[in-house]
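The basis for the numbers below is simple: all heavy atoms, side chains too, and nothing from hydrogens, waters or symmetry mates. Protein chains get the first letters and strands the later ones, always in sequence-line order, with residue 1 at the start of each.
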There are 2 protein chains.
Amino acid sequence: MSEYQQQHSPTAYGQDGDALPPVEQHAQQYETVRNAHETELIEDYVELIGDLLRHRGEARAADIATRMAVSQATVSKMIRRLNELGLVTSKPYRSLFLTEEGQKMAEISRSRHDVVLHFLRALGVDDSTARIDAEGMEHHVSDKTLTIMQRFTEQQRT
Amino acid sequence: MSEYQQQHSPTAYGQDGDALPPVEQHAQQYETVRNAHETELIEDYVELIGDLLRHRGEARAADIATRMAVSQATVSKMIRRLNELGLVTSKPYRSLFLTEEGQKMAEISRSRHDVVLHFLRALGVDDSTARIDAEGMEHHVSDKTLTIMQRFTEQQRT
DNA sequence: GATAATTGTTAGCCATGGCTAAACTGTTTA
DNA sequence: TAAACAGTTTAGCCATGGCTAACAATTATC
Ligand SMILES: [Mn+2]
Ligand SMILES: [Mn+2]
Ligand SMILES: [Mn+2]
Ligand SMILES: [Mn+2]
């Protein structure tokens with residue numbers, strides 16, 4: 001491991017606050033991010049389908065495509081995957097519906113999303129920015145952090 | 001647009017706090033996330049190479065592979081991309097170096113990363129969790145939010 | 001009821017980011 | 001100095017998530 005042959009940096013930087021984390025911990029950071037990326041899109045689809053069902057009573061592929069700014073072909077393909085994963089049921093040319101499992105995922109995702117969004121607003125971020133940031137951040141916030149965010153938001157509200 | 005044919009939801013949910021955002025805004029959320037994903041991994045590589053150079057004096061492919069928990073083949077392929085993007089210079093079987101542009105990106109990424117990490121700690125998140133969350137969150141935090149996070153951290157420090 | 005418009009599906013393309021296996025280069029050590 | 005080892009590269013595989021183009025089905029309009 002070349003990384004350990006040279007213990008002292010020859011540059012003038014020395015200690016500048018943050019050292020490199022231990023290898024195992026560092027590796028775990030990236031692994032966790034990769035895992036999040038695997039489920040991220042699935043969650044967004046399921047969450048959106050749930051939201052469309054709640055707010056509009058139906059979830060059509062065309063609406064998903066518009067809201068996600070993605071082609072209908074992309075949505076169609078994705079729906080097949082969601083079907084295979086047992087998250088949605090779909091008859092051709094009909095509205096989508098969520099399975100039990102899909103509904104569970106939708107609820108969890110929506111609640112996570114809400115906690116992050118409300119937290120950002122409580123922190124002083126304007127609504128439109130908060131919405132954009134929350135859409136990405138939500139998938140990378142641990143349960144621990146989520147709890148802390150929630151507490152912060154509640155305290156702020158008083 | 002079927003989404004607008006049915007204005008009133010037939011379910012009992014009615015208004016429950018958060019309505020669906022307007023289509024254009026909603027679409028922009030997802031687009032922004034997709035854009036972030038395109039540069040995310042590149043930034044992490046460049047940032048890590050910069051950190052290895054600073055702390056160890058050299059950045060070897062093998063070390064990157066270990067730290068990222070990824071195969072050496074994956075790293076090798078990625079280095080070719082970084083090269084093509086003009087972010088690193090590399091002679092075969094030698095340590096990597098960052099170009100001017102690569103150094104700029106590394107600095108920006110590191111500083112972003114630090115702001116998010118320190119913010120999470122200031123918020124009360126334990127170090128190890130903060131590190132994991134920051135690794136993913138950093139790519140989805142807007143400049144506006146970043147500024148607010150920085151202010152928060154400084155206030156907390158007093 | 002025929003035609004037009006909308007909606008959905010399929011086929012096939014591409015880039016990205018993983019992987020394993022095999023070959024190659026450079027360094028260390030017997 | 002030759003062999004062994006560590007590090008690097010290449011080839012080729014796969015899944016994911018985009019796209020366009022062509023076609024099919026449903027729904028709306030005349
Ligand atoms: Mn979400
Ligand atoms: Mn999201
Ligand atoms: Mn980073
Ligand atoms: Mn990162």
Which nucleotide, [options], lies nearest any side-chain atom of [X]?
X       : options                : answer
A:Ser71 : D:dT20, C:dT20, C:dC24 : D:dT20
B:Ala73 : C:dT7, D:dG7, D:dA11   : D:dA11
B:Lys77 : D:dG7, C:dC19, D:dT20  : C:dC19

Shortest non-hydrogen contact between [X] and [Y], atoms and distance:
X        : Y        : result
A:Ser90  : A:Leu96  : CB-CD2, 3.3 Å
B:Gly102 : B:Val46  : O-CG1, 3.2 Å
B:Glu47  : B:Ser109 : OE1-CB, 3.8 Å

Which whole-number value in Å describes the distance from [X] [atom1] to [N] [atom2]?
X       : N      : atom1 : atom2 : answer
A:Glu58 : C:dT6  : CD    : C1'   : 13 Å
A:Tyr30 : C:dG18 : OH    : P     : 12 Å
B:Glu40 : C:dG18 : CD    : P     : 10 Å
A:Leu85 : D:dT16 : CG    : C1'   : 12 Å
A:Ile64 : C:dT7  : CD1   : P     : 13 Å
B:Lys91 : C:dG26 : NZ    : P     : 13 Å
A:Leu41 : D:dG17 : CG    : P     : 5 Å
A:Arg80 : C:dT9  : CZ    : P     : 9 Å

5' precedence on DNA chain D between A:Tyr45 and B:Ser95 (nearest-nucleotide basis):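 Nearer the 5' end of the strand: B:Ser95.
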Toward the 5' end of DNA chain D, by each residue's nearest nucleotide, A:Arg94 or A:Ile42: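 Counting from the 5' end, the first nearest nucleotide belongs to A:Ile42.
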Side-chain N or O of [X] less than 4.0 angstrom from OP1 or OP2 on [N]?
X       : N      : result
A:Thr74 : D:dG18 : no
A:Arg34 : C:dC19 : no
A:Arg60 : C:dT7  : no

Are any side-chain N or O atoms of B:Thr145 and backbone N or O atoms of B:Val141, one a donor and one an acceptor, separated by less than 3.5 Å?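 Here the side-chain-to-backbone pair does not exist.
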For [X], which contact category applies under a 4.0 Å heavy-atom criterion: base, sugar-phosphate, or nothing?
X       : value
B:Val70 : sugar-phosphate
A:Ile79 : nothing
A:Ala61 : sugar-phosphate

Counting the benzene-type ring for Trp, do A:His37 and A:His140 have ring centres under 6.0 Å apart?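 Yes, they do, as the ring centres are separated by less than 6.0 Å.
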